[in-house]
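To keep things clear, I will list the structure first and then write my remarks on it.
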Amino acid sequence: MHIVDKAYDQLTATLGANWQKKYIVWDMCAGVGNLEAKHSNLRNVYMSTLDAEDVTIMRSNPAFAGAEIFQYDYLNDDVDDFGQID
């Protein structure tokens, strides 16, 4: 969890002390949610991952209640260069 602590320190330094309340977070490659385990406002968190198994694991974890969890392949998404959904 040292990496998660360091990531949150950097986010706080960059975005300010209340960033978890002020900003919506989308972790596009959440895996099983290690980074979000420390987040205090999961209503503002979107967690996506390529693997359906990871989605199942995150959805079954009560620590992520309130977060929006879904499968998504951001490298092969349906958004064109102009931000339009194809």
As a test of understanding, state which of Val4, Val25, Leu11 forms a side chain to side chain contact (heavy atoms under 4.5 Å, CB included) with His39.
Val25
Heavy-atom nearest pair, Asn44 first then Lys21, reads ND2-O, 3.4 Å
First locate atom CD1 of Ile24, then atom CG of Asn41, and finally report the distance between them rounded to the nearest 0.5 Å.
9.5 Å
ring-ring contact (aromatic ring centres under 6.0 Å, His included) partners of Tyr46, counting only residues at least two apart
none
Met28 backbone acceptor or donor facing Ser48 side chain under 3.5 Å
yes
Assess the residue pair Lys6 and His2 against the criterion (side-chain contact (heavy atoms from CB on, under 4.5 Å)); give the C-alpha distance rounded to whole Å, side-chain angles, the decisive distance to 0.1 Å, and a yes or no.
CA-CA 6 Å; Lys6 185 65 173 175; His2 296 294; over 6 Å; no
Please check if the side chain of Asp51 supplies one atom and the backbone of Glu53 the other of a donor-acceptor pair under 3.5 Å.
no
Excluding sequence neighbours, so at least two apart, what forms side chain to side chain donor-acceptor pair (under 3.5 Å) with Asn18?
none
How long is the span from the OH atom in Tyr74 to the OG1 atom in Thr49, to the nearest 0.5 Å?
9.5 Å
Inter- and intrachain pairs under ring-ring contact (aromatic ring centres under 6.0 Å, His included), touching residues 47-66, at least two apart:
none
Take Gln20 and Val45 through the test side-chain contact (heavy atoms from CB on, under 4.5 Å) and record every step on the way to the result.
CA-CA 9 Å; Gln20 293 183 48; Val45 174; over 6 Å; no
Looking only at heavy atoms, the pair that brings Ala30 and Glu36 closest together is CB-OE1, 4.2 Å
So which heavy atom on Ala7 is nearest to which on Leu35, and how close?
CB-CD1, 3.8 Å
Under the rule for side-chain contact (heavy atoms from CB on, under 4.5 Å), what residues qualify as partners of Leu50, not counting sequence neighbours?
Asp73
How would you list, by chain and number, every residue that makes a ring-ring contact (aromatic ring centres under 6.0 Å, His included) with Tyr72, sequence neighbours excluded?
Trp26
Taking all non-hydrogen atoms of both residues, which atom of Met47 and which atom of Ala67 are closest, and how far apart?
SD-CB, 3.8 Å
With sequence neighbours excluded, tell me which residues meet side-chain contact (heavy atoms from CB on, under 4.5 Å) with Val32.
Asn34, Asp54, Ile57
